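Worksheet for the structure shown next.
On a predicted model such as this, the values are computed, not experimentally measured, just so you know. Note that the numbering runs from 1 along the sequence shown for the chain.
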Amino acid sequence: MTHPGRSDGGWRAIPQPSSFRASGGVWAPQRVRVVADATALRREAVRIEAELATAGIGPARSAADPTLRLTLAPVTEPPASPVAAAGTEREALPDESFRIRIADEVTVTAGSPAGAFRATRQLLHNLRAQGAVPRGTVASAPVVAERGLHLDTGRRHYPAEWILAQLRAAADVGINVFQWHFSENEGFRIESAAFPEIVSAEHVTRAEAAEIVAAARDLHIELVPSLDMPGHLRHTLAAHPGLRLPEAPGLATDHALDITREDPIRFALALIDDLIPVFPHSSRWNLGGDEFVDFDRMAEFPALATAARERYGPDGTGFDLLTSFVNRVAAHLRAHGLQARAWNDGLLRSAAEHLDPEVVLTWWTNWNAGMRPVADALAAGHRVVNVNDALFYYVLGENAGYRYPTAERIWAAGWHPGLFPARWGSGGQGTVRQELVRPYPPLLLGVSFAVWSDLPGAQTPAEVAEGIRAPLRAMAERAWNAGSALSLEEFAAIDAAIGEAPPTARRAQRVRL
């Protein structure tokens, strides 16, 4: 039975559903029977029964107890999910759309198990925020297919248990992509079978990685390995100095792979091959491609200039060599069933070599006038993920002029998935607005928040977790809904009310099919 005396405080969940039609009263039974109408939903039924028990709603003891029913069926009520249009069938993420009808009983109708998972988070948020779920009808679907969290574990070690906790917290608010950046100039922090000499003392073991991979899969999160090359390899190349780009007067090369020779390129591919088995369920891989060398001084690297002229003629540049390298790595990944991704800053800047149009560009910045605008990527047919560094780069120590993201700044900017970082214009850095308006083109796959560990001692892991919570939730809300109907004050109140998701049991006893 419900508790009609409890007040209906509105729909208290992040992200807010696409629509909610209240019918009056609330649902807050003392016990509930969880029923899965399809075998594919059994795990979600097991999960939600355990979570309801944590919230004080026990398993049913009699047929008179209310039912929470999970049903798998196409969900076509508006707004329709754009996931199917976001890429090829091979790349598409699961349909996350859902409907919820809350009366004496609750019926969740979802387009996939992932949709059922998103729906049950909505119920739990209301229970955590106000002790009851308002009666009525909910319909929801994300406006963009991907809502991501990128984590730099290369510059600093984060314990596996901490990463698992962040996956649970992210999944709780609709994050469905986790990009794990485990290699950087300062460290290589995942166990390597083929190249143990490059692994940092503090690292995630393969056994721990397997647990992270399994947890991501269970939480309906696509795990994207991020192994940056041909730059950002100082730590790895310290063990293999013969593979470095030759020195150039006054220019740093100790972090850069020599892409003018075959042996270093084969090493890079072998490094990828060593790590691929760690991620058996992944379908995407970020190969990096960014900050390879000082791009403004590309012509001053003798090895690159000579090799480019020999390969492409007098007009060849290091950008052609970089693009060729990215294309080769992308083809290698494709042969393993992986979609290649790369950061945008050094790409689309070559003349003789054309970037493989299948490479997805993770678009983080346009701080330099030489960087191509987003419009060029779309015109060339590239899919893009918006990782707006002005709003979503959480850089430890606020290094390189960054400020920690906040929900206040995200709301003040009126950010939505189509609002990219501003690009360099005639008036200086960040003066030209780059914005895609709704309906978004299918080439806009989604968005991502990014944690970069530039000054690793600036915050403890606990401080990082606390610092990213509100801005990550703000991105999740505005990414799901292409903005938000909530004011900043309303968002902050819901954020505080739903609190943190408690750890959930892996098994429960009473689930009915």
With no hydrogens and no angle check, is any side-chain donor or acceptor of [X] less than 3.5 Å from a backbone partner on [Y]?
| X | Y | value |
| --- | --- | --- |
| E96 | A114 | no |
| E300 | R297 | no |
| S200 | H203 | no |
| R372 | G370 | yes |
| E191 | V199 | no |
| R478 | W415 | yes |
| R469 | A169 | no |
| D320 | T317 | yes |
| S112 | D95 | yes |
| R147 | V144 | yes |

Does a side-chain heavy-atom distance below 4.5 Å link [X] with [Y]?
| X | Y | value |
| --- | --- | --- |
| W364 | N388 | no |
| V464 | Q166 | no |
| F325 | F292 | no |
| L378 | V384 | yes |
| Y402 | D389 | yes |
| L338 | I276 | yes |
| R189 | V204 | no |
| R341 | L287 | no |

Check whether the side chains of [X] and [Y] place a donor and an acceptor atom closer than 3.5 Å, and report yes or no.
| X | Y | answer |
| --- | --- | --- |
| N344 | H382 | no |
| E477 | S484 | yes |
| E197 | H240 | yes |
| N176 | E146 | no |
| S192 | D274 | yes |
| E184 | H255 | no |

- Hey, does the Lys NZ or Arg CZ of R309 hover above the aromatic six-ring of Y312, less than 6.0 Å from the centre and inside 45° of the axis?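 No, R309 does not sit over the ring of Y312.
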Euclidean distance, [Y] [atom2] relative to [X] [atom1], rounded to 0.5 Å:
| X | Y | atom1 | atom2 | answer |
| --- | --- | --- | --- | --- |
| T153 | I190 | OG1 | CD1 | 7.5 Å |
| E466 | Q459 | CD | CD | 10.0 Å |
| R206 | I212 | CZ | CD1 | 13.0 Å |
| Q122 | R118 | CD | CZ | 10.5 Å |
| D258 | L304 | CG | CG | 7.5 Å |

- Message: Assess the residue pair Q179 and L149 against the criterion (side chain to side chain contact (heavy atoms under 4.5 Å, CB included)); give the C-alpha distance rounded to whole Å, side-chain angles, the decisive distance to 0.1 Å, and a yes or no.
- Response: CA-CA 6 Å; Q179 186 162 279; L149 170 63; over 6 Å; no
Taking all non-hydrogen atoms of both residues into account, name the closest pair between [X] and [Y] and its distance.
| X | Y | answer |
| --- | --- | --- |
| T323 | S350 | OG1-OG, 3.0 Å |
| A239 | I198 | CB-CG2, 4.1 Å |
| A330 | D356 | CB-OD2, 4.3 Å |
| L419 | N386 | O-ND2, 2.8 Å |
| P230 | G289 | CD-CA, 4.2 Å |
| S140 | P17 | OG-CA, 3.3 Å |

- Message: Using the rule given for ring-ring contact (aromatic ring centres under 6.0 Å, His included), can you reason through H235 versus F188, listing the C-alpha separation, both sets of side-chain angles and the distance that settles it, and then say yes or no?
- Response: CA-CA 7 Å; H235 178 85; F188 192 95; 7.5 Å; no
- Using a cut-off of 6.0 Å, state whether more than 12 heavy atoms not belonging to E398 lie near its atom CD.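 Yes - once you tally the heavy atoms of other residues, nucleotides and ligands closer than 6.0 Å, there are more than 12.
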- Query: Can Q16 and N481 be said to form a side chain to side chain donor-acceptor pair (under 3.5 Å), step by step?
  - Reply: CA-CA 8 Å; Q16 286 280 287; N481 292 304; over 6 Å; no
- Among W367, F319, F301, ring-ring contact (aromatic ring centres under 6.0 Å, His included) partner for F295: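 One option only clears the test, and that one is F319.
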- Task: For the residue pair F182 and W180, categorise the inter-ring angle as parallel (less than 30°), tilted (30 to 60°) or perpendicular (more than 60°).
- Result: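 Perpendicular, since the angle between the ring planes exceeds 60°.
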- Would D296 and N368 satisfy side chain to side chain donor-acceptor pair (under 3.5 Å), going step by step from the backbone distance to the final call? CA-CA 9 Å; D296 285 340; N368 184 285; 3.0 Å; yes
- Item | Set of residues satisfying ring pair (Phe, Tyr, Trp, His ring centres under 6.0 Å) with respect to W452, sequence neighbours excluded |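 For W452 the ring pair (Phe, Tyr, Trp, His ring centres under 6.0 Å) partners, ignoring immediate neighbours, are H150, H181, W343, Y393.
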- Message: So, using ring pair (Phe, Tyr, Trp, His ring centres under 6.0 Å) as the criterion, who are the partners of H416 when residues are at least two apart?
- Response: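 By the ring pair (Phe, Tyr, Trp, His ring centres under 6.0 Å) rule, H416 matches Y440.
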- Determine, stepwise, if the pair I14 / F491 fulfils side chain to side chain contact (heavy atoms under 4.5 Å, CB included). CA-CA 8 Å; I14 295 174; F491 165 79; 3.5 Å; yes
- Message: Apply side chain to side chain contact (heavy atoms under 4.5 Å, CB included) to residues V224 and F279 and explain how you reach the verdict.
- Response: CA-CA 8 Å; V224 180; F279 306 101; over 6 Å; no
- Message: Applying side chain to side chain donor-acceptor pair (under 3.5 Å) to S283 and E222, what does each step give before you reach the verdict?
- Response: CA-CA 8 Å; S283 63; E222 169 79 8; 2.9 Å; yes
- Lys/Arg N to Asp/Glu carboxylate O, D254 vs R244, below 4.0 Å: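 Not counted as a salt bridge, because no side-chain N and carboxylate O are separated by less than 4.0 Å.
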- CA sep, side-chain torsions, deciding dist, call: L245, I259, side chain to side chain contact (heavy atoms under 4.5 Å, CB included): CA-CA 7 Å; L245 187 69; I259 61 175; 5.5 Å; no
- Task: List the steps and the verdict of side chain to side chain donor-acceptor pair (under 3.5 Å) for D172 and H125.
- Result: CA-CA 9 Å; D172 187 57; H125 284 196; 3.1 Å; yes
